[in-house]
Structures are given as structure tokens and as C-alpha cells.
2 protein chains.
Amino acid sequence: MLDDLDRRLLEILVKDSRTSLKELAQQVGLSSPSVAERLRRLEDRGVIRAFTVEIDPQALGYSLQAIVRIRPLPGKLHIVQKLIEEIPEFGECDKVTGDDCFVARLFVRSIGDLDKLLDRIADKAETSTAIIKAQPIRRRPPPLAATAISKP
Amino acid sequence: MLDDLDRRLLEILVKDSRTSLKELAQQVGLSSPSVAERLRRLEDRGVIRAFTVEIDPQALGYSLQAIVRIRPLPGKLHIVQKLIEEIPEFGECDKVTGDDCFVARLFVRSIGDLDKLLDRIADKAETSTAIIKAQPIRRRPPPLAATAISKP
DNA sequence: GCCGCCACCTTATTTAATTAGGCACGGCCG
DNA sequence: CGGCCGTGCCTAATTAAATAAGGTGGCGGC
């Protein structure tokens, strides 16, 4: 489903998605049209979800991030979906199984803004256990190679 | 520090970082060399941290994600740094202020693997309050435009 | 054992990125 | 008030990359 060459290509692209086909080709030992074809298929299959840029939130003025736990009342799970759509400050949001809650990241400019957001969430949703300010110390994709814990 | 044109460029690139300079140029009403120059400066200033690809963890076999809370004993904060380096399953990890803990994402293939990892963390670090399995329902960058809460 | 398919190759063509050089606006100082 | 940088943009020319077309070999199915 995903051979070694694919993995090597992904590894390079995660580091720099502007790497040219030519460069990719010679790093894995293929021709550039072949690499292009492989990338196309990786996209088609959904392995590569998107080509994107990573932006520094601080550069946009979001000096603060909060990780919040949102627990809607039973049967009201859809409310979170709505909140995400309405509030652009939502970063990633994960539905957590077993606990019927969500864990989301909020990007904010100040504690004041955070308070306003939390009010708004607590208002429209049910309980939102506010949490905290966060300083990211690392951001990484899933591991591409075999790990000590498990082999692909 | 970051004008409207920059923001529009970023907005386009977040959606698809392979958008050509030519295409970017005509969308914002500049010439391609000017766009190139702007992008170069955005990178130099650290606004754009990286050009990258977003990979579907499932495609790599990581059908499970866990969000874990790690709270090292006082004075042992560096241990988390070490864990991150040693364990490729670590996704992003945030240092949380006020609570002296970390919140991290783990990519795993099975509950078994998760258990092994949690043991290893609880072993080397101090307390790790394991948490849960997560299903991402949305992944987003910080908001690029003004929001109802705050203006840039 | 032959047929057809798939993944790859090479070459040619089109398209995009880069480099070089020049022009206009605005700020600053004589 | 006028001249002089500096900056950000432009156009045009060059270089480099992506794409498209056509051909070959290896492998599985019939």
C-alpha cells in the first residue's frame, strides 16, 4: 500500500514541500515524471492531504494559545461543530472517545480575548472546562519510519 | 509589519502551497517577482516557518492518537524534551504554563502500542496522566483575518 | 507461452521561477 | 523647496522545472 520509496518521498516533502521533482527524483533514484506520478497517486489516495505552509502564530499576533476541554451535554455534540465554524480562533479540535469530550486549541492575542472566547463557548455549549496557556515546544507529523514500538 | 497583501498570500498558501507565483501574482495584483520577494521576506522573518505536506496518519498505519498530559516532578522538566527526541510517536507537544505540565499528541497503531509508550513515559518521566484516544475533527492554522473577538 | 498491464524510462514541449535592470513614489536632509 | 537615497514594484530575458507523449521491460493471468 505504501512502499519504501513513497516513504522516502514523504520524508523529504515534510521537511520541505517545495523540493523540486528533479531533486526528489535523484534522491530516491527515479526520473522526475515517475516521482510526479507517485505524488499524484499519494494525493489521490489521500495519503498526502495537502501541501501547505506552517505559519508562526506570533507573527499574526497570536501570542497565546489555549488548550481547552469542551464537554457538551449528551446529545449536544453537534454544538462543537458549530462553534468551530463560527470561531476562527479554533485550531485543531479532536473528539476524544470514552470521555465524550473535545480537546481543542485556541489561538488568542491576550488573556482578555481568551476570556471572551471561553464565555462564548460556555454560553453556547454546555460545560467547557477551560484550561491553560500553551507554549509549543515542538510540532511534528506522525513518524514515517518504523519505531522501537511498532513496525509498519 | 505584515500588510494586507501578505495576509492574502498566506491565506492562499495555507490552502495550497504549490500555488505558482504567477497564480499568486494575479490573485493579489502584483508581478511574480514581487510575490517571490514577499515570500522570501516572509520566510526570512519567520512568518512562514516551513513549506510542508500534511500527511494522513491513518495512511501510515497510525489509526489511533492519544492526547496525554505529562507532569514531571519539579526540576525535571528537561525529561520531556528527552522523551520527545527519543520517541518518534510524539506529535506536537506544548508546555502548559501555570500547571507545570505538558500536553502532547501520540500517534500509535494500537492500544497495545499506546500502553507500551505510556509505560515508557511513566517510567522515565514522573507522572504521566494518560488520557485518551482522539479522532481529529478539524485541523486549522491560526486565523489570518480579523475576528469578532479581536482585530490585528 | 502469449497477452496485456503497470511502472518506469527518455525526449520534447510547455510553463514557471529567477535574474537583471530600470522607474516611480516617499521620506529626509541640505 | 529641491535634490537624493531607499524601497518596492515593474518588464524583459534567461534559466530551470513541470508536463506530456511515446516507448520498453518485467510480471501475473489466461
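Atom set for the values below is all heavy atoms of this structure, side chains included, hydrogens, waters and symmetry mates excluded. Just so we're on the same page: letters track the sequence lines, and every chain starts at 1.
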- Residues which pass side-chain contact (heavy atoms from CB on, under 4.5 Å) with B:Asp123, listed by chain and number, not counting sequence neighbours: none
- Task: Report the residues that fulfil side-chain hydrogen bond (donor to acceptor under 3.5 Å, both in side chains) with A:Gln58, sequence neighbours left out, ordered by chain and then residue number.
- Result: none
- salt bridge (charged side-chain N to carboxylate O under 4.0 Å, His left out) filter on B:Asp119, not counting sequence neighbours, yields none
- Interatomic distance where NZ belongs to A:Lys22 and C1' belongs to C:dA17 [whole Å]: 13 Å
- Should the pair A:Lys116-A:Glu89 be classified as a salt bridge under the 4.0 Å nitrogen-to-oxygen rule? no
Could you go through nucleotides 23-26 of chain C and list every protein N or O atom that sits under 3.5 Å from one of its N or O atoms, giving the distance for each pair?
none

- Query: Partners of B:Arg41 by salt bridge (charged side-chain N to carboxylate O under 4.0 Å, His left out), sequence neighbours excluded?
  - Reply: none
- Nearest-Å distance, CZ (B:Arg18) to P (C:dA17)? 13 Å
- Within residues 23-45 of chain B, those residues having any heavy atom closer than 4.0 Å to DNA chain C are B:Pro33
- Query: For B:Asp44, what residues pass the side-chain hydrogen bond (donor to acceptor under 3.5 Å, both in side chains) criterion, not counting sequence neighbours?
  - Reply: B:Arg40
- What is the 5' to 3' range of DNA chain D, first to last nucleotide, that sits under 4.0 Å from any heavy atom of chain A? D:dA17 to D:dA20
- Task: Output all residues satisfying salt bridge (charged side-chain N to carboxylate O under 4.0 Å, His left out) with A:Glu54, sequence neighbours left out; order by chain, then residue number.
- Result: B:Arg49
- Identify, with sequence neighbours excluded, every residue that meets side-chain hydrogen bond (donor to acceptor under 3.5 Å, both in side chains) alongside B:Ser31. B:Ser34
- Note on the structure: Hits for side-chain hydrogen bond (donor to acceptor under 3.5 Å, both in side chains) against B:Thr52, two or more places apart or cross-chain, chain-then-number order -> none
Could you pull out all donor-acceptor pairs under 3.5 Å where a side-chain atom in residues 71-85 of chain B meets a protein atom, sequence neighbours excluded?
unit_1, atom_1, unit_2, atom_2, d
B:Arg71, NH1, B:Asp99, O, 3.0
B:Gln81, NE2, B:Glu85, OE2, 3.4

